[in-house]
Amino acid sequence: QDLEFRSLLANLPENMKVVPPSTSKTGGGVLELQKHLAIDNDKDLDKLKLGGTDKIFIHSRAAGKHGADPLVLHIGSAQASFTLDLAKLNPGKVADAVAEVLENPKIGKIGYDIKSDMKLLKSLGIQLQNVAHDVLVGAFLLNSLMRAQSLTDLAEANLRYEGPAFEDLPTEDFMERGGQFIAVIRELYESQFHALSEAPKLVKLAREIEWPLTPVLADMESRGIKLDVKYLKKFARKLEDSISDLEQTIYGHADHEFNISSPGQLADVLFVKLNLPTQGVKRGKTSFSTAASELDKLRGLHPIIDLISQYREVTKLKNTYVDTLPEMVDENSRLHTTFNLTIAPTGRLSSADPNLQNIPVRTELGRNIRTAFVADSGNVLVSADYSQFEIRIAAALSGDKGMLEAFNRDADIHVETAALIYGIKPAAVTKDQRYSAKAVNFGIMYGLGPHGLSVSSGMDYGASKDFIDKYFQIRPSLKKYIELLRSQAEKQGYVETLLGRRRPTPDVRSSNFVVREAAYRAAINHPMQGTAADLMKLAMIEVAKKLPDDAHILLQIHDSLLIEAPTKKAKKVGKILKDTMEKVYKLPVKLKVDISTGKNWGEL
DNA sequence: CGCTATGGCCAC
DNA sequence: AAACGTGGCCATAGCG
Ligand SMILES: [Mg+2]
């Protein structure tokens, strides 16, 4: 009915369903629909004609995750579009019909979330070449604060589309509206092409980073990483025993059973039943906080505190990782994450379902989970970590002489910072002094203030203020740089990374102090976190090009890459990684990458 | 039962 | 009221 002759179509044989060019009324806007043909039997595949074009538009749907069990492929040029019923068509014949176009590096591919299309095509044995534009990523580059990201959201916001949603459609409707999908993607592309013409840095960022990164991420997600499920199940039983013991001891101290995982019930036990002091303990909306930072203030007052901390650590590991990850492996015991490109305004990737960017490493107990991530037989895992990545970038962006000099002679930046602040020689810096300096080196990049430092360090407010003042005395360029960012956020309305990735800063003009200051801190952090993210992406593209065919990037964790490679090639791969990553971009600061190799991730 | 808010905590 | 940035996910609790 959108096209006004649905009933006519319904009475035609499938292969006669040719819809002529038309316009589709969609409320305020009008979609320019091209001639469209649905193909659901192999002999009609020869009707698929996309020749004589340098761009094609695609969109697809699969029943399974990561492109498994493909259902539909919409594919179109500026003149005509086609819908392939992949459930009915022979996969080999589909591949024969479309590979010439999809694998042709001279024909640019344009879509919405092309990474998903690429994974579907991979499952058909098709390696899509030449990502020319992704309207999801394009919209995000133009406004990285954009949260409404569905195709319908984009069409409504940019094309004045007011028709029915494109999401949550029965497959039948998804197929029937192929012409509309292609038309919306084409019109969003045209709209973004125009908008980007006024932001040449974003065009370059897209062309040199986001588009070439897309196939790299699709490969990483499709390949997955092997999990030793047996090992984790054994670890689960250990944790279970530990949890039972902790529970019984905690109930003993409380004199009754309660749900330790309920912050409300726990607060009741601590502050009412056991009468522990609430002075200096943070208040939440509902009750006194029982967060780890608050339990620290009560440690030593009662043996139950330490038990609760242990209970939290063990149940966190068991519920979030040990019990969950084995449920998510494929038939080859491999885990497939999804790397999202359009969540973090700084340009970082995020990882979800499962999140493989937050696998524990800090505690001995937690590191057991990393041990369960293993190389396939005959292979090893190779990790490559940028050392002090964001702080080095802070030095480069601010041009701070002291920091640049320290990094360029490979000094320990936290020791150097402590020595300057305390006015002593680096060799005389104590562990505590280094620890304080480290907290500030990191904190400054997040817009840390005296209050925050006092809360996290235990120093009083005055001492914290002195410490930060001294810090800026020894890093004057960094202070100036932060002031510049605050001013840019306010006067220009956005801040940007070295490569021009923008973050709009509307909230620095908020009348609410909390909202306004939070916006300034995000603005300060953006160029450092974002430049690191940009350079890591660039490194991934280069690494993927240079690795031998039997070595593969599996994961990216912001400043590190995890690679799976044949044991025999581990050394060679390590060299490629270190060399490529350290030289990724010409900066006034040296970049340093540490390489490590092992059979599992816990060894690295 | 699914959705949302809250408190909490894992990573960089 | 909060005071340190970027994420994702867990259990609990309340609601319709
Ligand atoms: Mg590191």
Side-chain angles (χ1 to χ4, degrees), chain A residues 144 258-267 282-295 308-309 311-325 328 337-363 365-367 369-370 385-391 394 439-457 461 464-465 468 482 485 495 503 512-530 532-533 536 555-561 601:
Chain A
S144 60
F258 66 103
N259 189 338
I260 309 165
S261 299
S262 163
Q265 294 185 35
L266 179 59
K282 235 187 318 184
R283 267 217 75 120
K285 297 196 176 187
T286 50
S287 59
F288 282 103
S289 168
T290 65
S293 61
E294 308 312 300
L295 293 183
I308 290 161
S309 300
Y311 176 85
R312 287 251 175 93
E313 182 187 6
V314 180
T315 53
K316 172 84 179 181
L317 295 177
K318 183 161 189 292
N319 294 331
T320 308
Y321 305 102
V322 178
D323 288 349
T324 312
L325 295 178
M328 305 178 83
T337 186
T338 298
F339 288 107
N340 208 316
L341 275 163
T342 61
I343 303 274
T346 56
R348 272 192 178 186
L349 301 180
S350 73
S351 159
D353 200 21
N355 182 356
L356 297 183
Q357 289 183 319
N358 76 340
I359 301 303
V361 65
R362 216 179 65 251
T363 68
L365 197 66
R367 212 162 319 149
I369 293 157
R370 289 203 172 199
D385 286 45
Y386 277 111
S387 163
Q388 311 292 0
F389 199 20
E390 279 186 33
I391 305 183
V440 176
N441 272 331
F442 281 116
I444 291 297
M445 296 188 298
Y446 306 148
L448 178 73
H451 178 83
L453 180 60
S454 68
V455 168
S456 64
S457 71
Y461 186 88
S464 297
K465 190 173 180 311
I468 291 172
I482 288 172
L485 292 173
V495 289
R503 180 185 186 118
N512 180 317
F513 173 84
V514 175
V515 172
R516 190 171 63 245
E517 288 304 318
Y520 275 118
R521 292 193 297 272
I524 290 165
N525 180 249
H526 175 85
M528 302 180 245
Q529 184 178 120
M536 176 52 104
L555 299 177
Q556 184 252 51
I557 305 143
H558 310 307
D559 68 349
S560 69
L561 295 180
W601 197 5

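- Protein chain A touches strand DNA chain C; the 5'-most and 3'-most nucleotides with an atom under 4.0 angstrom of its non-hydrogen atoms are C/dA1 to C/dA13.
- The distance between atom CG of A/N441 and atom C1' of B/dC12, rounded to the nearest whole Å, is 16 Å.
- A/R312 contributes no side-chain N or O that forms a donor-acceptor pair with the base of B/dC9 under 3.5 Å.
- Put simply, CG on A/N355 is 11 Å from C1' on B/dC12, counting in whole angstrom units.
- Nucleotide B/dG8 holds its C1' atom 11 Å from the CG atom of A/L266, rounded to whole Å.
- A/D385 and A/S387 share no donor-acceptor pair across their side chains, judged by distance under 3.5 Å alone.
- One can place CD1 of A/I260 at 16 Å from C1' of B/dG7, the figure rounded to the nearest angstrom.
- Residue whose closest nucleotide on DNA chain C sits further toward the 5' end, between A/N525 and A/V514: A/V514.
- Per the geometry, CD1 belonging to A/I343 stands 21 Å off P belonging to B/dA11, to the nearest Å.
- When the C1' atom is used for both C/dA1 and B/dC9, the distance is 23 Å, rounded to whole Å.
- Nucleotide B/dC9 holds its P atom 18 Å from the CD1 atom of A/I359, rounded to whole Å.
- Between the A/T337 side chain and the A/N355 main chain, no donor and acceptor come within less than 3.5 Å of each other.
- Note on A/K285: a side-chain N or O is less than 4.0 Å away from OP1 or OP2 of B/dT6.
- Rounded to whole Å, the distance from CD on A/Q556 to P on B/dC12 is 12 Å.
- Taking atom C1' on both nucleotides, B/dA5 is separated from C/dC4 by 24 Å, rounded to a whole Å.
- Pairing each heavy atom of A/L448 with each of A/L453, the nearest pair is CD1-N, 3.5 Å.
- Counting heavy atoms from C-beta on, the side chains of A/S457 and A/S464 come closer than 4.5 Å.
- Distance, A/E390 CD to B/dC12 C1': 7 Å, rounded to whole Å.
- Annotation: side-chain contact (heavy atoms from CB on, under 4.5 Å) contacts of A/P360 (sequence neighbours excluded): A/L317, A/Y321, A/I369.
- Distance alone, capped at 3.5 Å, places no donor-acceptor pair between the A/Q529 side chain and the A/T346 backbone.
- Other residues, nucleotides and ligands contribute more than 12 heavy atoms inside 6.0 Å of the NZ atom of A/K318.
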